[in-house]
**Student:** 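Please find one structure pasted underneath; my questions will follow.
Starting from 1, each residue takes its place in the sequence as its number.
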Amino acid sequence: MAIKKVWLDESNDSCIACGICESLCPDVFEIKYKMEVKADADFAEHEKEINEAIIGCPTGVINKEEE
């Protein structure tokens, strides 16, 4: 199934801006104050890296929606 949406779960304000997601997939994730998903990100092209970032996130705040 293809990823159609990726976002930061801000319900607990738990993102610690550690940079793991950005280091694994800089074409999708960017750290400023906290993780942001780049507006022009191609989820299909970076599906493997997105999944690695989700698994590697120490606070578990990266979510995805699949088609």
Side-chain angles (χ1 to χ4, degrees):
M1 294 178 54
I3 297 172
K4 69 177 190 176
K5 182 178 177 184
V6 178
W7 72 96
L8 170 66
D9 176 2
E10 297 187 86
S11 61
N12 294 325
D13 196 32
S14 300
C15 180
I16 58 173
C18 67
I20 291 174
C21 57
E22 186 177 40
S23 68
L24 289 170
C25 193
D27 291 329
V28 173
F29 301 104
E30 181 173 38
I31 301 293
K32 292 181 183 177
Y33 172 66
K34 359 177 174 184
M35 182 278 281
E36 296 179 14
V37 177
K38 293 182 176 181
D40 61 346
D42 183 343
F43 302 142
E45 183 178 333
H46 300 288
E47 191 166 340
K48 179 182 178 218
E49 295 88 348
I50 292 168
N51 287 321
E52 289 172 354
I54 291 169
I55 291 167
C57 178
T59 58
V61 295
I62 304 172
N63 291 297
K64 69 177 178 181
E65 182 177 326
E66 297 179 322
E67 294 184 55

**Student:** What is the distance from atom CD1 of Ile3 to atom NZ of Lys48, rounded to the nearest 0.5 Å?
**Tutor:** 13.0 Å

**Student:** Could you tell me the separation between the CD atom of Glu65 and the CZ atom of Phe43, rounded to the nearest 0.5 Å?
**Tutor:** 10.5 Å

**Student:** Which pairs of donor and acceptor atoms, one on a side chain in residues 27-39, lie under 3.5 Å apart (sequence neighbours left out)?
**Tutor:**
| residue | atom | partner | partner atom | Å |
| --- | --- | --- | --- | --- |
| Lys34 | NZ | Glu10 | OE1 | 3.0 |
| Lys34 | NZ | Asp13 | OD1 | 2.8 |
| Lys38 | NZ | Pro26 | O | 2.7 |

**Student:** I'd like a table of donor-acceptor pairs (distance under 3.5 Å, sequence neighbours excluded) in which one partner is a side-chain atom from residues 51-59, with atom names and distances.
**Tutor:**
| residue | atom | partner | partner atom | Å |
| --- | --- | --- | --- | --- |
| Asn51 | OD1 | Lys64 | NZ | 2.4 |
| Asn51 | ND2 | Glu47 | O | 3.2 |

**Student:** With a 4.5 Å cut-off on side-chain heavy-atom distances among I, L, V, M, F, W and Y, is there a chain of contacts connecting Leu8 to Ile50?
**Tutor:** yes

